[in-house]
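These notes concern the structure reproduced below.
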Amino acid sequence: MDGMEASGARDLNVRYRGRFAPSPTGDLHLGGASTALCAWLAARSVGGSIVLRIEDIDTPRVRPDSEKHILEDLRWLGLDWDEEPEGILHQSQRTRAYESALQQLENGGFTYPCDCSRKEISLASAPSGNEKTPIYPGSCRQLTQSRSFRRPPATRLRIPPNTFIEFEDAVFGKQSSQLSQDVGDFVLRRGDGVFAYQLAVVVDDLAQGITHVVRGADLLSSTARQIFLMRCLGTEPPSYAHAPLWVGPNGEKLAKRASGIPVRDHRNAGVDPRKLIARLAQALGLADQNEPWLTPHELIPRFSWGKITKGPIEIDPSRDSLPL
Ligand code: GLU
């Protein structure tokens, strides 16, 4: 078993460096808080370190006060981070690092420019299984790089046929993906120059020396891509754990501003943060219903990935609306 299992076994010798990487595009909601709690507990339960990364690369969606509010919410919940504040990495400051990784991939022949429009791609491709975007049919793969482009080209990663990626997720177990069929040649930098999440996250996980990635289960399907990308960059990937998603009463995706759900609303309403931690811990499988107040520190000795539910966890309006 990998290092994630070792975290359950509290092997204090394991070198563990985790991260929590929120996007400052809205308030922290219960799902984000529950992922942060899992990431924090997984690190602290093995005496490891955990750092913060602000994923503010997708600039139009970034909200001005969101980072500040998320940091306040996390602190209010009782979660602390190593190397704060100087160690908090901001993706918006990392353009040079992404450029140099892209250059390394380009030099290795792993990438190619693509000037296909969205319309051309959707007309030419078969719809993909679980991805919303169609699988790119590879129209530009064989073209020469020195041709003239119809529009500023995107940069795509070349996925060789039969690229099969397998990994063990600490919560969801064995995962596998036939990348060439499931995803295809994915974009590393868009035509407008914006670096894709997949590239940024991999470059940052390497730069921050992350050994264990904990994040929401909505990103489970990105992991195979990131493992392949890490290998193209000449390194071995970290271990992965995907924390359960929180969904609305009818299973719908949580809207970031749904009423009563942002942690900040609970904080502003004077709720005791130990109540919120207890609610998260109960939903995750770390506490009984009869424990109304808990602190993150009290949960450290109880933490093991084996206890964590796969979810999804349904918001219960009678419990999760204010006041909690
Ligand atoms: N920034 C992403 C989010 O807020 C998480 C990315 C990751 O942890 O890899 O959902």
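Position 1 is the first residue of the sequence; numbering continues from there. Remember, it's 1-based here, ligands and their atoms both numbered in the order they're listed.
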**Q.** Heteroatom distance test (Val201, ligand 1): nitrogen or oxygen, under 3.5 angstrom
**A.** no
Q | For Leu219, the ligand 1 atoms whose distance to one of its heavy atoms is below 4.0 Å | A | 5 (C), 6 (C), 7 (C)
Q: Test Asp205 against Arg53 for salt bridge (Lys or Arg N to Asp or Glu O under 4.0 Å), laying out the working first.
A: CA-CA 9 Å; Asp205 282 338; Arg53 175 159 79 231; 2.9 Å; yes
Q: For Gly216 and ligand 1, answer yes if some heavy atom of the residue is under 4.0 Å from a ligand atom, otherwise no.
A: no
Q) Side chains of Arg61 and Ser66: donor-acceptor distance under 3.5 Å anywhere? A) no
Q) Any non-hydrogen atom of Arg53 lying under 4.0 Å from ligand 1? A) no
**Q.** Salt bridge present between Glu106 and Arg189 (N-O < 4.0 angstrom)
**A.** no
Q.
Show me which atoms of ligand 1 lie under 4.0 Å from any heavy atom of Tyr197.
A. 6 (C), 7 (C), 9 (O)
Q) Can you tell me if His242 and Asp169 form a side-chain donor-acceptor pair at under 3.5 Å? A) yes
Q. For the side chain of Asp185 and the backbone of Ile159, is there at least one donor-acceptor N/O pair under 3.5 Å apart?
A. yes
Q.
Does only the side chain of Ser23 get under 4.0 Å from ligand 1, or the backbone, or both, or neither? Count heavy atoms.
A. both
Q.
Between Asp82 and Arg44, does any side-chain N to carboxylate O distance fall below 4.0 Å?
A. yes
Q: Provide the number and element of each atom of ligand 1 under 4.0 Å from a heavy atom of Arg19.
A: 7 (C), 8 (O), 9 (O)
Q: Examine ligand 1 and decide if any of its atoms is less than 4.0 Å from a heavy atom belonging to Phe20.
A: no
Q) Between Arg19 and Gln208, does any side-chain donor sit less than 3.5 Å from a side-chain acceptor? A) no
Q. Is Asp218 close to ligand 1, meaning an N/O of one under 3.5 Å from an N/O of the other?
A. no
Q. Relative to atom 1 (N) of ligand 1, which among Gln198, His242, Gln91, Glu55 owns the nearest non-hydrogen atom?
A. Glu55
